[in-house]
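Naming: A, B, ... by sequence-line order, numbering from 1 per chain. Nothing here was measured: the structure is a model prediction, and the numbers come from that model.
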Amino acid sequence: MSPRVFGRPGVRPEGPELLPVFPPEYTAAAVLRTTPFHRRTEALCEAGNWRRWSGFLAASSYELHHDREYWAIRNSAGLIDVSPLHKYRIQGVDAERLLDRLVTRNVAKCAIHQVLYTPWCDEAGKVMDDGTLCRLADDVFRLTSALPNLRWLLDNARGLNVQIEDVSDALAALALQGPNARAILTEAAGGVADDLGYFRLTEGAIGGAPVQITRTGYTGDLGYEIWTEPQHALTLWDALMAAGRAHRVVPAGLLALDVARVEAGLILIEVDYVPSHQAVIEARKSSPYEIGMGWTVKLDKPGFVGRDALMAERARGPEWEFKGLEVSWDAMESLYGAVGLPPQLPSEGWRTSVPVYAGNRQVGYATSGCWSPLLKKYIALAHLQTPHSATGTHLSMEITVEHHRKKAAARVVEPQFFNPDRKRSNPGRADRS
Amino acid sequence: MSAHACDAIVIGGGHNGLVTAAYLARAGKKVIVFEKRHVLGGAAVTEEIYPGFKYSVCSYVVSLLRPEIIRELDLPRHGLRILPLESTFTPLPNDDYLVRWADHDQTRRELYRHSPRDADAYDDFGRLMYQLAVAVKPILAMIPPDPTSMSPKDLLGFLKLGKHFRGLGHAQFHALHKLMTMSSADLLDEWFETEALKATMSASGIIGTLLGPRSPGTAYVLLHHYMGEIDGAMRAWGFAKGGTGAVSESIAAAAREHGAEIRTEAGVSEVIVRHGRAVGVALESGDEYRAPVVVSALDPKRTFLSLVAEQHLPGDFVRDIKRFRIRGSSGKVNLSLGELPDFTAKPGVGPLHQGAISISPSFDYLERAYDDAKYGEFSTRPFMDVIIPSMIDPEMAPPGKHVMSIFVQYAPSDLRGGWDEAKREAFGDAVVDTLAQYAPNLPGAILHRQVLSPWDIERSMGLTAGNIFHGELSLQQLFCMRPAVGWADYTTPLDGYFQAGSGTHPGGGVTGASGRLAAMKILGGKL
Ligand SMILES: Cc1cc2nc3c(=O)[nH]c(=O)nc-3n(C[C@H](O)[C@H](O)[C@H](O)COP(=O)(O)OP(=O)(O)OC[C@H]3O[C@@H](n4cnc5c(N)ncnc54)[C@H](O)[C@@H]3O)c2cc1C
């Protein structure tokens with residue numbers, strides 16, 4: 001046979017860029033994966049603004065600017081395709097034992113249909129990943145994670161009576177987040193989630209599609225994540241969009257989500273911390289105490305991976321803390337004023353490493369930041385050396401004003417900049433699980 | 001005779017000899033290089049054997065060209081362009097395939113198709129290798145200290161080395177220990193379950209050695225593959241535009257700019273020794289040249305056993321060099337093609353044609369290929385590392401036509417009954433026939449064919465036994481033992497005589513490292 005596609009006859013290609021055009025199976029959209037909602041999200045993505053998420057194409061924003069999508073999350077409801085999460089099903093009489101050995105939280109205490117947010121560590125007590133763990137039945141769990149963890153689970157399960165299954169492709173997931181989320185679900189799922197407690201799971205049907213609903217999310221707002229099998233994905237999407245229309249549901253992309261999660265003080269792996277097994281040098285690794293996850297470490301629980309190291313670290317006190325920074329508006333105003341400009345604010349969340357100072361000494365670095373449209377504050381998430389990490393400490397953060405590096409005064413605060421009651425409460429009862 | 005005097009003479013215009021010459025000239029020395037062939041480059045050479053078709057006759061990928069050489073000799077200004085060569089495609093006999101792409105997500109997806117577990121393991125393995133490569137890399141740029149010497153400099157060298165390794169974490173140190181002692185098959189078996197992945201990854205551990213993937217010591221060579229990744233951003237790894245000869249040409253251009261004189265078709269017949277000192281060389285033409293420094297960039301056998309009369313060297317040293325292992329294991333087939341190979345496992349033309357194609361379906365396959373060689377035969381179903389240079393640099397072939405470079409193992413230099421033209425062509429037939437199992441259109445697409453057995457590589461390029469690395473990269477022939485204990489610092493027992501070829505630390509491949517370190521030694525430790 002002769003090559004199917006190769007140049008034009010008689011035309012000599014001049015450089016590597018003029019080499020053959022390959023068949024469509026090699027375009028980005030074909031090489032990356034698309035989620036079960038892609039037929040809907042693709043049609044809605046006016047901006048054509050996609051990014052990668054775990055090997056999938058994910059919408060950065062649907063509209064040209066993510067503003068409306070952000071405000072939907074805070075003001076009505078945003079619908080976010082979160083299918084690229086890794087998901088594992090762990091089943092068997094030893095499932096609880098295995099998971100209790102791996103994660104820092106107490107799995108034995110996890111009730112059926114309860115969800116735990118938890119990190120897991122290596123032997124040295126450094127965080128490898130974080131995610132949610134849900135008990136579906138007595139001996140059945142589902143773990144979601146940002147990174148692949150199959151090998152880690154399998155290696156640790158040797159000799160135990162458990163089956164571990166990567167169900168990432170067997171489950172499509174949508175996050176419905178924002179103050180109107182409950183009302184939309186009431187309509188779409190017939191009220192099964194009305195009384196659903198924070199970090200709990202329930203089952204039901206939406207538009208005829210069997211679903212699981214968890215009261216979880218990555219926005220720090222009232223919100224749910226809805227799980228279904230891929231063949232029901234489009235039905236689910238359509239039903240939620242239909243039920244949500246009157247409640248102003250808006251498909252939201254990752255740019256909007258990013259602002260929301262910074263406001264909520266939610267840490268992002270590979271942005272705010274380096275997973276320990278990816279760190280080329282020791283200094284890049286973090287313990288749960290150093291990244292605001294100390295509350296998840298249950299040292300009274302016997303033998304879990306990293307426990308000895310974490311005991312020792314708790315005893316001597318962590319070297320770093322993960323805190324919020326509020327950059328002073330007055331400082332911004334005077335720094336920009338000096339060059340004849342009003343304060344220039346980032347239009348999107350940023351993810352670079354920015355030095356933080358106490359006087360002239362660098363005492364930390366911020367890893368994420370944004371202008372909070374809701375709080376009207378310039379906020380950032382930062383790693384601070386412990387002597388300088390106490391809430392209320394006055395520090396400064398580097399900002400670049402007209403090509404010059406300056407220091408803007410900033411105050412250390414708790415990282416949950418925005419933490420509304422509706423996130424965990426239920427109208428019927430004062431749930432504080 | 002005085003008209004023929006200069007500061008330094010370099011014997012051999014392979015890339016290492018050229019590197020030495022360039023650095024010496026850069027330091028202000030008057031240097032002359034004598035190359036036996038009509039072209040420069042030695043095993044790093046491009047030749048237009050058939051009009052319009054350019055072959056990287058021997059070496060075909062640039063893997064470890066030292067970034068400091070690229071920088072210090074300003075090679076990009078002298079024409080060096082390293083183009084990406086990023087994927088590795090392994091077609092399988094059952095018409096499936098395995099590809100490792102340049103893109104992480106794409107590779108993960110493909111590995112996942114074969115084994116979800118391996119997809120995770122691949123990243124972890126890559127990271128560990130990267131960490132180890134970072135740890136081992138400084139050694140490549142170091143003049144090996146002499147373990148038998150008590151000189152402060154040598155002791156300091158070992159001290160530095162010891163400190164360096166103590167700095168490694170526990171896990172890394174153990175992994176390094178394993179790497180030094182295990183076979184690549186055993187090592188990879190600990191990590192992966194996909195046969196084709198393991199076999200293809202193990203290939204970098206067997207290239208250039210007369211060992212199989214299950215032979216101990218092959219794991220270490222795997223690590224060399226990852227060294228290139230550290231310099232990934234600099235792109236010291238890939239395909240040289242114009243073929244591998246372009247690397248040599250760019251080094252030669254730098255050397256000339258610094259004032260070095262380079263002569264081709266100027267074979268050296270012997271090193272002239274007076275009062276126990278090398279003082280010059282005699283050419284095959286009969287001309288003589290004098291210089292206080294004579295550098296041989298040939299392999300150790302030629303450097304010491306053919307260019308210097310035995311009585312000028314200590315007996316035990318000569319014995320060591322005679323024992324130095326330099327068996328040939330590899331052959332090369334270069335093809336001109338009228339059309340691209342069409343793989344039954346993945347029909348049509350795709351990006352895979354721009355990367356490497358590896359015939360390495362399983363450990364058993366590779367080990368069986370090695371078995372043939374163990375008993376003095378060439379492999380009837382050999383391991384092959386194939387690239388299509390014209391898909392990367394269109395100027396390698398006329399428009400619409402292609403060149404294919406096939407690196408083949410095993411072709412033992414000690415073929416039973418010896419090599420001759422008929423056996424060489426039979427070897428070429430085995431190669432084409434094996435490839436045709438995966439790409440049936442290949443035989444019909446061949447316009448020209450050049451087959452090189454170790455015998456041909458020795459005869460035409462002057463690499464003893466056709467060993468591609470000027471001596472095997474086995475552990476007992478590395479670092480302070482390369483090529484002989486006490487003489488790993490580029491000096492020789494003959495005053496005024498230095499060595500700069502791949503038979504010295506850190507060994508073979510188009511790295512230029514030996515040539516650079518030799519120049520450093522000659523210049524008193526500083527470039
Ligand atoms: C088939 C093959 C494939 C390879 N593939 C790769 C690859 O893909 N990537 C890689 O990194 N490495 C590869 N290598 C290895 C690499 O090419 C060599 O290790 C390296 O090029 C050796 O360089 P050198 O300068 O040390 O010696 P050489 O290249 O051997 O240079 C020695 C020079 O000396 C000349 N000479 C010999 N005798 C005399 C004399 N008496 N007087 C004057 N001149 C003389 C020779 O003609 C030659 O030019 C391959 C080698 C071979 C043979």
Side-chain angles (χ1 to χ4, degrees), chain A residues 1-28 30-33 52-57 84 86 88 122-124 128 145 147-155 164-169 275-282 285, chain B residues 81 83-84 101 103-110 112 115-128 130-131 134 169-172 191-192 230 239 241 337-342 346-354 390-395 398-402 439-441 444-445:
Chain A
M1 66 147 264
S2 64
R4 283 192 204 140
V5 217
F6 188 71
R8 276 166 291 150
V11 179
R12 183 166 180 98
E14 286 237 315
E17 64 280 4
L18 291 184
L19 283 169
V21 173
F22 295 123
E25 61 181 292
Y26 292 107
T27 58
V31 166
L32 289 173
R33 308 187 61 199
R52 286 190 199 203
W53 178 7
S54 294
F56 285 85
L57 275 179
H86 294 274
Y88 303 97
D122 62 16
E123 284 294 346
M128 298 177 64
S145 64
L147 301 176
N149 278 281
L150 183 65
R151 182 165 172 259
W152 172 246
L153 291 168
L154 290 172
D155 283 355
I164 293 159
E165 201 188 334
D166 184 348
V167 291
S168 303
D169 290 348
S276 70
H277 56 297
Q278 277 185 18
V280 177
I281 51 172
E282 285 299 312
K285 303 178 179 174
Chain B
R81 299 282 179 275
L83 305 175
W101 299 104
D103 184 79
H104 174 263
D105 287 336
Q106 210 180 345
T107 301
R108 183 178 158 79
R109 184 177 179 182
E110 168 70 0
Y112 195 97
S115 155
R117 198 176 188 288
D118 282 4
D120 285 11
Y122 189 69
D123 286 351
D124 291 342
F125 183 79
R127 211 134 37 219
L128 180 65
Y130 180 89
Q131 288 171 322
V134 169
H170 264 301
Q172 283 108 299
W191 283 84
F192 303 106
I230 308 176
F239 179 82
K241 181 168 172 57
L337 299 177
E339 65 178 25
L340 288 168
D342 192 19
K346 193 136 177 71
V349 177
L352 63 93
H353 287 89
Q354 292 172 343
S390 50
M391 284 294 284
I392 307 160
D393 175 4
E395 279 161 36
K401 306 262 192 325
H402 289 280
N441 72 326

So, taking the atom named [atom1] in [X] and the one named [atom2] in [Y], what distance separates them when rounded to the nearest 0.5 Å?
X: A:Q278; Y: B:D123; atom1: CD; atom2: CG; result: 7.5 Å
X: B:F192; Y: A:R151; atom1: CZ; atom2: CZ; result: 7.5 Å
X: A:D166; Y: B:R117; atom1: CG; atom2: CZ; result: 13.5 Å

* **Side chain / backbone / both / neither for B:Y122 at chain A, heavy atoms under 4.5 Å** => neither
* Would you mind telling me which of A:H277, A:E282, A:R52 has the largest number of heavy-atom pairs within less than 4.5 Å of chain B? =>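 If we count pairs closer than 4.5 Å to chain B, A:R52 comes out on top.
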* **Most contacts with chain B, counted as non-hydrogen pairs under 4.5 angstrom, among A:L147, A:D155, A:I281** =>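 Maximum pair count with chain B is reached by A:D155.
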* Which residue out of B:E110, B:Q106, B:R127 racks up the most heavy-atom pairs below 4.5 Å with chain A? ->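 Most heavy-atom pairs within the cutoff with chain A belong to B:R127.
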* Do you know which of B:D124, B:L128, B:D120, B:D103 has the most heavy-atom pairs with chain A at a distance under 4.5 angstrom? -> B:D120
* Are A:V280 and B:Y130 close enough that some pair of their side-chain heavy atoms sits under 4.5 Å apart? ->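 A side-chain contact under 4.5 Å exists here.
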* Please flag which part of A:L150 lies under 4.5 Å from any non-hydrogen atom of chain B: side chain, backbone, both or neither. =>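 Both parts, backbone and side chain.
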